[in-house]
Protein chains: 2
Amino acid sequence: MGRPATPKLSVEKIAAAALDLVDAQGEFTMGEIAAALSVRPSSLYNHVAGKVEVIEAIRALIFKEEPPPPGEWNDTLRALLCHYRNAFARHPRLIPMLTAHTVSSPDVVHMYDDIATVLSDAGIPTGRLLDVITVLDSFVIGSALDVAAPDQVWDAAQARTPVLVAAIEAAGQGRVRADRAFELGLDLLLGALARLRAVEE
Amino acid sequence: MGRPATPKLSVEKIAAAALDLVDAQGEFTMGEIAAALSVRPSSLYNHVAGKVEVIEAIRALIFKEEPPPPGEWNDTLRALLCHYRNAFARHPRLIPMLTAHTVSSPDVVHMYDDIATVLSDAGIPTGRLLDVITVLDSFVIGSALDVAAPDQVWDAAQARTPVLVAAIEAAGQGRVRADRAFELGLDLLLGALARLRAVEE
DNA sequence: ACCTGAACACCGTTCAAGT
DNA sequence: ACCTGAACACCGTTCAAGT
């Protein structure tokens with residue numbers, strides 16, 4: 001066959017096809033991407049170096065940035081963290097794949113820039129800044145994994161104490177439960193940060 | 001050859017060999033486990049159903065429980081969460097593998113039991129209990145991933161704002177940095193919980 | 001420059017055969 | 001009951017050949 005007049009592939013097309021596969025079935029193979037794009041697997045290697053690079057391309061695809069909205073530091077930070085978490089939550093099954101290869105993608109670092117600026121403006125001293133960012137980041141990533149987890153994780157049948165059984169039954173299920181827990185965590189952390197800020201100043 | 005007088009394999013031996021491989025190189029194949037145990041790959045299937053079951057066996061291996069120490073609810077909860085996070089942190093490269101297959105292992109649920117009991121005794125109402133547990137769990141898992149991440153994630157060269165650059169340079173590196181951030185997060189969350197408790201009561 | 005087809009090493013898993 | 005050896009389908013990747 002040979003080279004077509006206009007390329008049939010691009011990094012973006014490959015990443016988008018792979019992301020569709022992950023959303024649909026939780027994983028992808030190079031062969032499946034090729035099939036989705038009506039191409040042979042070997043063709044993909046003209047655009048990406050390998051499977052790892054496909055995953056990185058997906059990561060870049062997910063983090064289409066959004067400028068930090070203006071407002072009170074509290075609200076700005078909250079909006080930023082929600083955006084960050086939702087970028088993951090829109091593709092729950094992708095998260096384990098992304099965490100498997102931890103790479104400092106430019107888009108992610110860009111988000112850290114925004115968070116750092118807001119926190120600094122809010123009065124968090126430089127010496128503590130990265131620790132605070134790490135705490136927020138850890139919580140967001142963990143919450144994203146919580147969205148990815150099937151509700152099976154909270155299995156009342158396996159609980160041994162009546163307290164946990166009652167708690168599981170009271171909590172509801174699915175995305176609503178995960179969202180509510182995330183909001184609570186944000187309240188707790190941002191509230192604590194406000195106090196930290198007051199103490200340091 | 002045929003059946004040996006005394007079995008050469010067991011689920012525990014397989015899991016231990018796999019964990020060694022993960023610690024050493026971040027992944028394992030069935031063939032590598034077999035080689036480490038001086039056995040053919042097909043032999044493994046007399047003891048485990050497949051690779052996924054090996055991962056579950058590792059999970060069970062990691063969570064050798066420790067009874068919750070008595071004391072003030074604050075200290076008890078802190079000790080519990082530290083233990084939980086350290087169980088992961090001892091095997092950083094394992095974490096992405098575990099998060100890929102979220103399963104409600106009995107050992108993990110057992111830990112939730114302990115946390116639920118402490119929180120309930122501390123006065124957190126049942127309706128909020130699972131949300132609080134989820135928040136703590138998300139933070140712990142996220143923090144464990146932070147330990148697994150190479151320091152490259154915090155790459156001053158990729159930061160765009162001077163604030164973030166300064167913060168990264170001030171933060172130090174490696175395990176010390178991750179541990180300090182984890183402690184800060186615990187302080188913030190447990191402090192916020194204490195206030196939540198005061199409000200609800 | 002970019003797609004194809006054939007080929008590679010490797011991997012997870014199955015299963016009949018042996019004791 | 002448990003280890004072996006041969007065999008399977010599949011997967012990621014390479015590369016010479018084509019235009």
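A note on names: the letters A, B, ... follow the listed sequences, proteins ahead of strands, and every chain is numbered from 1.
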Item checked: Plane angle bin for B:Tyr112 and A:Trp154 - parallel if under 30°, tilted between 30 and 60°, otherwise perpendicular -> tilted

Check: Would A:Leu196 and A:Arg128 count as a side-chain contact (heavy atoms from CB on, under 4.5 Å) if you check the C-alpha gap in whole Å, the side-chain angles of each, and the deciding distance to 0.1 Å?
Finding: CA-CA 10 Å; A:Leu196 182 67; A:Arg128 279 236 169 149; 3.0 Å; yes

Check: Where the side chain of A:Val39 is defined as all heavy atoms beyond and including C-beta, which of C:dT13, D:dG5, C:dT4 is the nearest nucleotide?
Finding: C:dT4

Margin query: Taking the minimum atom-to-atom distance to the side chain of B:Pro7, which one of D:dG12, D:dT4, D:dC2 wins?
Written below: D:dC2

Margin query: How many whole angstroms separate atom CD of A:Glu32 from atom C1' of D:dG12?
Written below: 13 Å

Notebook entry, point to check: So does B:Arg85 pair up with B:Glu183, basic N to acidic O under 4.0 Å?
Noted result: no

Checklist line | Rounded distance (Å) that lies between atom P of C:dC11 and atom CG of B:Leu21 | finding: 12 Å

Margin query: For a quick test of reading the model: is some side-chain N or O of A:His47 closer than 4.0 Å to OP1 or OP2 of C:dC3?
Written below: yes

Next item on the list: Could you check which of C:dT13, D:dT4, D:dT13 has an atom nearest any side-chain atom of B:Arg40?
Entry: D:dT4

Notebook entry, point to check: Which nucleotide in the set D:dT4, D:dC3, C:dT4 lies at the smallest distance from any side-chain heavy atom of A:Ser43?
Noted result: C:dT4

Note to self: Need one value for A:Thr29: base, sugar-phosphate or nothing, where a base atom within 4.0 Å counts as base even if backbone is also close, heavy atoms only.
What the structure shows: sugar-phosphate

Notebook entry, point to check: With the threshold set at 4.0 Å, does a side-chain nitrogen-carboxylate oxygen contact exist between B:Asp146 and B:Arg177?
Noted result: yes

Margin query: Applying the Watson-Crick and G-U wobble criteria at under 3.5 Å, what pairs with D:dA16? Answer none if nothing qualifies.
Written below: C:dT4

Check: In terms of side-chain heavy atoms of B:Lys8, which of C:dT13, D:dT4, C:dC3 is nearest?
Finding: D:dT4

Notebook entry, point to check: Taking the side chain of B:Pro41 as its heavy atoms from C-beta onward, which of D:dG12, C:dT13, C:dC3 lies nearest to it?
Noted result: C:dT13

